[in-house]
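The figures that follow rest on heavy atoms only: side chains count, while hydrogens, waters and symmetry mates do not. Owing to the predicted nature of the structure, the values given are computational and were not obtained by experimental measurement.
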Amino acid sequence: MLGSLFGWVSLLFEPLAFQVPLIEPQPRLKSESGIAIPVQGPWQDIITGHYAVPPVLKIHDRNSVVKWSWQREDVTQPLPPLIRSGLYSGYNDATDMKWMRGGRSVAAVYSALIVVINHTPDQPSTDKKITFAINRDNEVLHNAHTIEPLPGDRLAVGTTGQRPWDGILVYNMSEALPLVDESPVLQKIEGLRAIHALIWDEQGQMLWATGTDAAADGSDPVPAYGVIQGYPFDAETGLLSIDEAYRFRFPEYYDIDCEWGHGYSWWAGPHDLVPVPNERVLLVSNDIGLHAFDINEMNFTAEYDEVVEKYMPGFEVTTNDRHGINRQGEYVDLPQSDLKGFSLAPDGSFLYTQSLWRLFRGNYTSLVVDGVRHQIMKGNEIYRSRWFGDIDGWPKPKT
């Protein structure tokens with residue numbers, strides 16, 4: 001499927017030592033639209049960010065019916081000047097959003113802010129209130145793509161920069177603290193560039209991140225490889241540590257000339273890092289396609305069509321123009337390219353957003369149920385949609 005350049009890459013991997021059992025779907029009902037609805041569990045609700053000025057965060061069901069939304073017009077509380085200017089900036093970003101605190105809060109990259117918002121629709125007096133915020137209209141955070149809660153009311157932010165000192169910033173997001181213009185940085189971790197996704201691993205007590213080992217924009221004299229890196233968390237100190245034993249580089253680096261033109265300087269970088277429910281497996285997307293990483297084996301174990309067949313049956317390319325000539329002059333098809341966000345549910349359904357070819361975002365979310373793909377939230381400029389709930393086997397920290 002990916003053409004002659006990528007077909008041989010699967011030979012680098014040994015066959016899996018065991019067959020992962022298929023996920024048994026829960027009994028479901030059918031809505032009028034024909035999309036299956038779970039009888040129980042949180043997998044009816046989805047959170048999506050819509051790019052606009054102002055951007056909008058929406059919690060909706062599988063049929064695109066919005067249950068809760070948030071934008072800057074919902075904010076009535078007094079704000080420090082720098083936070084207010086970030087909220088009312090001209091940024092159109094709604095780049096990432098995470099379920100946290102048992103669903104009582106949403107963390108998001110919104111406009112020119114990193115923000116934590118109350119999601120308490122049953123308590124209107126507290127609902128939609130900002131409890132933590134950072135203005136990211138600066139050299140370090142301006143292109144931040146991802147956030148993730150950590151134990152001890154900490155929030156990790158990936159900086160996405162291209163320099164050796166870029167990486168992860170950690171903040172105290174406690175609701176007991178007042179909003180201030182510049183929250184102090186509790187910890188700064190350097191050495192991983194262009195971070196686009198973070199995920200907390202409760203079982204391993206570790207934060208996993210994905211980025212590149214060199215500048216993804218081509219400004220370094222060497223190609224940039226995609227990297228998955230784990231940062232062990234010390235519950236006593238509340239700090240993350242760097243351990244090279246948990247740094248795993250993709251088996252190959254890739255140019256992205258096929259999409260962006262011959263001689264394009266950027267290298268293929270990771271976009272999203274998501275867990276497989278109830279398994280010690282992470283899936284990662286990049287500009288080329290999908291890879292699977294087994295935490296127990298500490299190794300990449302599947303790629304491209306293998307990942308789709310095993311973990312995402314029913315995946316379909318969203319446009320028919322994802323092909324072209326690579327830097328080596330070979331024709332390649334890239335059906336899994338540019339998956340900016342995706343999210344797997346324990347009932348076997350999954351979401352994904354694929355940007356339009358040679359653009360940065362898509363115009364709807366794909367929802368796959370029982371192997372059948374549906375288009376939801378159509379007509380919106382979308383980077384990511386996620387299930388609004390804890391992933392089985394991968395819970396968010398309680399505080």
Full working for side-chain contact (heavy atoms from CB on, under 4.5 Å) between Q187 and R154: CA-CA 10 Å; Q187 186 177 11; R154 287 163 165 76; over 6 Å; no

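With hydrogens and angles ignored, the 3.5 Å screen pairs a side-chain donor or acceptor of Y110 with a backbone N or O of P55. Under the 3.5 Å distance criterion, the side-chain polar atoms of T353 are left unmatched by any main-chain donor or acceptor of T365. Under a 3.5 Å cut-off, the side chain of S111 and the backbone N or O of G86 do form a donor-acceptor pair. No side-chain donor-acceptor contact under 3.5 Å links N118 to the backbone of D127. A distance-only check finds no donor-acceptor pair linking the side chain of R373 to the backbone of F315 [under 3.5 Å]. The main-chain N or O of T160 is never found under 3.5 Å from a side-chain atom of N143 such that the two would form a donor-acceptor pair. The closest donor-acceptor contact from the side chain of D257 to the backbone of G263 lies under 3.5 Å.
Here R193 does not pair with D166 in a salt bridge; the nearest charged N to carboxylate O distance is not below 4.0 Å. Looking at D153 and R101, a side-chain N of the basic residue comes within less than 4.0 Å of a carboxylate O on the acidic one, giving a salt bridge. Residues E190 and R163 are not paired through a salt bridge, judged by the lack of any N-O separation under 4.0 Å between the basic side chain and the carboxylate. Classification of D347 and R62 as a salt-bridged pair holds, one side-chain N sitting under 4.0 Å from a carboxylate O.
The aromatic rings of H291 and F250 lie tilted to each other, with the angle between the two planes from 30° to 60°. Ring planes of H323 and Y331: tilted class, angle from 30 to 60°. Using the six-membered ring where Trp is involved, F248 and F293 have ring planes that are tilted, between 30° and 60° apart.
No more than 12 heavy atoms of other residues, nucleotides or ligands shown are found within 6.0 angstrom of CD on E182. Other residues, nucleotides and ligands contribute over 12 non-hydrogen atoms within 6.0 Å of the CD atom of Q77.
Linking ILVMFWY side-chain heavy atoms closer than 4.5 Å, directly or via other members, places W70 and F388 in a single hydrophobic cluster.
A donor-acceptor pair shorter than 3.5 Å cannot be found between the side chains of S219 and Q162. S355 and Y383 form no side-chain donor-acceptor contact under 3.5 Å, judged by distance and modelled atom types alone. Checking D287 against H271 by side-chain atom types alone, a donor-acceptor pair falls below 3.5 Å.
Side-chain contact between W99 and H119 is absent, with no heavy-atom pair separated by less than 4.5 Å. In this structure, L282 and D201 have side chains that are not in contact, with every pair of non-hydrogen atoms separated by 4.5 Å or more.
Distance check, rounded to the nearest 0.5 Å: CG of L82 to CG of D181 gives 4.5 Å.
The distance between the ring centers of H142 and Y91 does not fall below 6.0 angstrom.
Both cation-pi conditions hold for R280 and W394: the charged atom is under 6.0 angstrom from the six-membered ring centre and inside a 45 degree cone around its axis.
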